[in-house]
2 protein chains.
Amino acid sequence: MNKSDLKMISVLERTGGFASAQELHQILRREGDGIGLTTVYRALQSLVDDKIVDLLRRDDGEAIYRLCGDGHHHHLVCKGCGQTVEIEGGAIENWATAKAKEFGFREVAHTAEIFGLCSKC
Amino acid sequence: MNKSDLKMISVLERTGGFASAQELHQILRREGDGIGLTTVYRALQSLVDDKIVDLLRRDDGEAIYRLCGDGHHHHLVCKGCGQTVEIEGGAIENWATAKAKEFGFREVAHTAEIFGLCSKC
DNA sequence: CACGAAAATGGAAATGATTATCATTTCCAA
DNA sequence: TTGGAAATGATAATCATTTCCATTTTCGTG
């Protein structure tokens, strides 16, 4: 956990929703921070490894990052403003486990995200 | 639906699991087909638009395609051999709908995939 | 069959995100 | 202060995907 990591956490806190590496870099630059794009990618990768931020993908495949709370959870993402809500997925966990067992799969992981328009958009 | 579209459907049928555009292109080339990469992308895009194939993303963001049956469904994907199984997601549908309503989201869609190792791998 | 328009095709260049390189700078303990 | 490790960032390399554009194929009509 170095200076850049903390800087990224700070921007992510301020932006709230998901943002791409490029966007986060631009924001920092606008604020006068001379941080390099390389460092942004490095810091984000490091935070993902430490499970401090979540990484998921936009429709076009671009990676987007979000500061996340502890433990396993899923997201409700607004297509309009990018605002996201962390949600519990009790039903999902059971479903994934059951299906995996049904087909004899081991070491399973799963992804589940919901996209839509929030009440403001 | 043109010749290239049919050709892509044919390869996808033979490969079974998910494959990327680049992989599908290589397979066709190996078989002696001189189809261009551009055409592969175009055909896949067209099939996705017509909801004949599913598009999802590998961990690194690369797009992978799979011939899919009718209707809404999810996948159980083997990390080892790429073999996939289409599964029903009754529990997921309800979960997604309920959560969306709970937070006042409209026009919702959702993704849910399970990754693991199949019995052979 | 011949002709021309429209669709399809594919090679090459452009794009854009992400990663690798590498020289320079910052940190920090001894 | 100093030596080395870690961090940094500009630049170049990579790689999937798109865009461009010229050529070829398809196909309906005379």
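Each chain gets a letter, A, B and so on, in the order the sequences are listed, and its residues count up from 1. Just so it is clear, the values below take in all heavy atoms, side chains as well, and ignore hydrogens, waters and symmetry mates.
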> Is the distance from OP1 or OP2 of D:dT8 to the nearest side-chain N or O of A:Asn2 less than 4.0 Å?
Replying inline: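 Yes.
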>> Side-chain N or O of A:Lys3 versus OP1/OP2 of D:dA6: is the shortest distance under 4.0 Å?
In response: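 The answer is no; no side-chain N or O of A:Lys3 sits under 4.0 Å from OP1 or OP2.
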>> Which residues in residues 22-31 of chain B have a heavy atom closer than 4.0 Å to any atom of DNA chain C?
In response: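 Here the set is B:Arg29.
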> When you measure from every atom of DNA chain C, which of residues 35-46 of chain A have a heavy atom less than 4.0 Å away?
Replying inline: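 Nucleic-acid contacts, sorted: A:Leu37, A:Thr38, A:Tyr41.
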Separation of [X] atom [atom1] from [N] atom [atom2], in whole Å?
X	N	atom1	atom2	answer
A:Asp60	D:dC15	CG	C1'	15 Å
B:Leu56	D:dA16	CG	P	17 Å
A:Arg57	D:dA16	CZ	P	13 Å
A:Asp5	C:dC27	CG	C1'	16 Å
A:Asp33	D:dT8	CG	P	10 Å
A:Leu6	D:dA7	CG	P	12 Å
A:Arg58	C:dA17	CZ	P	10 Å

Do [X] and [Y] touch side chain to side chain, with heavy atoms closer than 4.5 Å?
X	Y	answer
A:Asn2	A:Asp5	yes
B:Ile9	B:Leu67	yes
B:Ser10	B:Leu6	no
B:Gln22	B:Leu37	yes

Just how far is it from atom [atom1] of [X] to atom [atom2] of [Y], taken to the nearest 0.5 Å?
X	Y	atom1	atom2	answer
A:Lys7	A:Thr39	NZ	OG1	8.0 Å
B:Glu23	B:Leu28	CD	CG	12.0 Å
B:Ile114	A:Trp95	CD1	CH2	4.0 Å

> So what is the end-to-end bend of the helix from C:dC1-D:dG30 to C:dA30-D:dT1, with 5 pairs used at each end and the value given to 10 degrees?
Replying inline: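 Between the first-five-pair axis and the last-five-pair axis there is 10°.
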> Which part of the nucleic acid, if any, lies within contact of B:Gly61, taking any heavy atom under 4.0 Å across all strands shown: a base, the sugar-phosphate backbone alone, or nothing?
Replying inline: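 Result for B:Gly61 = nothing.
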>> Please classify the nucleic acid contact of B:Ser4 as base, sugar-phosphate, or nothing, using heavy-atom distances under 4.0 Å.
In response: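 Here B:Ser4 touches the backbone only, sparing every base.
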> With a 4.0 Å cut-off, would you call B:Arg57 and A:Glu113 a salt bridge?
Replying inline: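 Salt bridge between B:Arg57 and A:Glu113, a charged N being under 4.0 Å from a carboxylate O: no.
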>> Measuring from the side chain of A:Glu62 (C-beta onward, heavy atoms only), which nucleotide among D:dT17, C:dA17, C:dT9 has the closest atom?
In response: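 When the side chain of A:Glu62 is considered, C:dA17 is the closest of D:dT17, C:dA17, C:dT9.
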>> Here's a test for you: under side-chain contact (heavy atoms from CB on, under 4.5 Å), which of A:Asp54, A:Val53, A:Val40, A:Leu56 qualifies with A:Tyr65?
In response: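 The option that passes is A:Val53.
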> Any idea which heavy atoms bring A:Cys121 and A:Cys78 closest together, and the distance?
Replying inline: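 In terms of heavy atoms, the two residues are closest at SG-SG, 3.7 Å.
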